[in-house]
Participant: 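There's a structure below that I have some questions on.
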There are 2 protein chains.
Amino acid sequence: MGVAERKERHKEELKKEILMAAKELFMEKGYEATSIRNIAEKIEYSPATVYLYYKDKDEIMHALHQEGFKMLVAYFGTLNTIPEPFGRLIAMGRAYIQFAMENPEMYELIFVMKDPIDHVASCADDSWDEGDRAYDVLFQTVVECQKSGDFQGFEPHGLSFTIWSTMHGLCSLRISGHLGHVAEASKVKPDVDSLMTYTFETFTGVLEKIR
Amino acid sequence: MGVAERKERHKEELKKEILMAAKELFMEKGYEATSIRNIAEKIEYSPATVYLYYKDKDEIMHALHQEGFKMLVAYFGTLNTIPEPFGRLIAMGRAYIQFAMENPEMYELIFVMKDPIDHVASCADDSWDEGDRAYDVLFQTVVECQKSGDFQGFEPHGLSFTIWSTMHGLCSLRISGHLGHVAEASKVKPDVDSLMTYTFETFTGVLEKIR
DNA sequence: AAACTTACTAAACAGTGTTTAGTAATTGTA
DNA sequence: TACAATTACTAAACACTGTTTAGTAAGTTT
């Protein structure tokens, strides 16, 4: 009979509904505002019901984690159309920044917060696959750059981690507000976003020079 | 009469005692464990008393903020003995990493967390002076490098922010555990710390190349 | 019709930051 | 010296958090 299947389907829908409510709250108001009670209220169920679908808040955050990586991948979507690897590397950086700026809470969730990755470490199943894959995209691009003659004399992993560090540092300093504060004090650029673009361009200049 | 002075002195001592209790809890167990109640218990006063000396938790965190920068400055202490600016820049990077690794919670407080810097933005008095000064140390070093012939064709602020981004990115990815995770997956180096040192060395290699 | 399972929730527990009202003890004044 | 005022402190509460437990209706199976 299809009754069990229908029920199963409904359960999956509710689980998805919980996740989407969490995603909306999280992306709009951040981690603090994403309480189990707030999620429950949004889907019009009791807080305890949420626990029937997710073990704890960490598990919800882990699920959101995967959502976040899907979004990042979407930002990387059009990169394949760029055949020249160095240009693709720069475009990747630009896309990374755009993702971080348009989805700061998501960026923090997947690249800054410790709790979700701790959860990931405890359940050894799917682990941090998405993150590993995202790194691999960068690494492969660097390798391709070297194949076409760029970055000679550098080891690709070392360079990849350096590039990731720079991009992550820039984005996280921007999101946390630290870049903005120093920007205001040093008055290098009129606003934070200008400074950010400017710093990125300086970085691309560095990459051009070691090309 | 010296009675009022003695009392005033005692009040200042208690305020310091609260801060030191907070510092100890914070550096050992992190932000979560540093609750007002825990602080109060440590100094053997009631939680409400803490509020007679600090407006709220943010104000305590802001005070700890300043403590953190004092510690960072201590790590930078011996840098003046290095006359050659480029070598000093590299040593600065090494000191920055050492500070981050030996005091991860403090590093997060002053460079990662948003809340304290929000508090800093609201009270416009002393603002984020320590951070600005720390940036200025980096900037001046870059300027000195250029004076002695390095980094020609680069604008010093752009380069300073790029360097800070790289260093911060590396340290924060290490502390948050993200670097460790990708390290394990990519198996570039046997352990995270090796990867971190290795990435830093790659970065110094980049700086050497654009020197 | 009775037993069992499912889906859900009210209420509680222990914790958080923070505020309010009140209490002793000390100090200043009449 | 007696009374008022100030100081330093705290118990208890409020509103929130994540999470668990016990219980309740409804649907399913026997």
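To find a chain, count down the sequence lines: A is the first, B the second, and so on, and within it residues start at 1. Not measured: the values here are computed from a predicted model.
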Participant: Does C:dT16 have its OP1 or OP2 closer than 4.0 Å to a side-chain nitrogen or oxygen of B:S35?
Facilitator: yes
Participant: Once you round it to whole Å, what is the distance between C1' of D:dT19 and CZ of A:R37?
Facilitator: 9 Å
Participant: Short question: side chain of B:E144, backbone of B:R88 - any donor-acceptor pair under 3.5 Å?
Facilitator: no
Participant: Atom CD of B:E41 to atom C1' of C:dT16: distance rounded to whole Å?
Facilitator: 14 Å
Participant: From CD1 of B:I18 over to C1' of D:dT10, roughly how many Å is that when rounded to an integer?
Facilitator: 14 Å
Participant: Take atom CD1 of A:I36 and atom P of C:dC13, then tell me their distance rounded to the nearest Å.
Facilitator: 21 Å
Participant: Would you tell me if any nitrogen or oxygen in the side chain of A:Y53 comes within less than 4.0 Å of OP1 or OP2 on C:dC8?
Facilitator: yes
Participant: Looking at the rings of A:H65 and A:F111, which for Trp means the six-membered one, are their centres under 6.0 Å apart?
Facilitator: no
Participant: Report yes or no: is the cationic atom of A:K189 (NZ for Lys, CZ for Arg) closer than 6.0 Å to the six-membered ring centre of B:F161, at no more than 45° off its axis?
Facilitator: no
Participant: Once you apply a heavy-atom cut-off of 4.0 Å, does A:Y54 come out as touching a base, just sugar-phosphate, or nothing?
Facilitator: nothing
Participant: What's the separation between atom CD in A:E105 and atom CD in A:E32, rounded to the nearest 0.5 Å?
Facilitator: 10.0 Å
Participant: Measuring from the side chain of B:Y51 (C-beta onward, heavy atoms only), which nucleotide among C:dT18, D:dC9, C:dC8 has the closest atom?
Facilitator: C:dT18
Participant: Under 4.0 Å: is that the gap between some side-chain N or O of B:K57 and OP1 or OP2 of C:dT18?
Facilitator: no
Participant: In whole Å, I'd like the distance from the NE2 atom of A:H10 to the C1' atom of C:dC8.
Facilitator: 12 Å
Participant: When you get a sec, tell me which of D:dT19, C:dA7, C:dT9 is the closest nucleotide to the side chain of A:K11?
Facilitator: C:dA7
Participant: Looking at A:T49, I'd like to know whether one of its side-chain N or O atoms comes within less than 4.0 Å of OP1 or OP2 on C:dT9.
Facilitator: yes
Participant: Find the distance B:E32:CD to D:dG18:C1' and express it as a whole number of Å.
Facilitator: 11 Å
Participant: Just the rounded figure in Å: distance from C1' of C:dT23 to CG of B:L52.
Facilitator: 14 Å
Participant: Expressed in angstrom and rounded to an integer, what is the separation of B:D56 atom CG from C:dT20 atom C1'?
Facilitator: 17 Å
Participant: Working to the nearest 0.5 Å, report the span between OG1 of B:T34 and CD1 of B:I60.
Facilitator: 9.5 Å
Participant: Is A:N38 close enough to D:dC16 that one of its side-chain N or O atoms is under 4.0 Å from OP1 or OP2 there?
Facilitator: no
Participant: Would you tell me if any nitrogen or oxygen in the side chain of B:Y45 comes within less than 4.0 Å of OP1 or OP2 on D:dC9?
Facilitator: yes
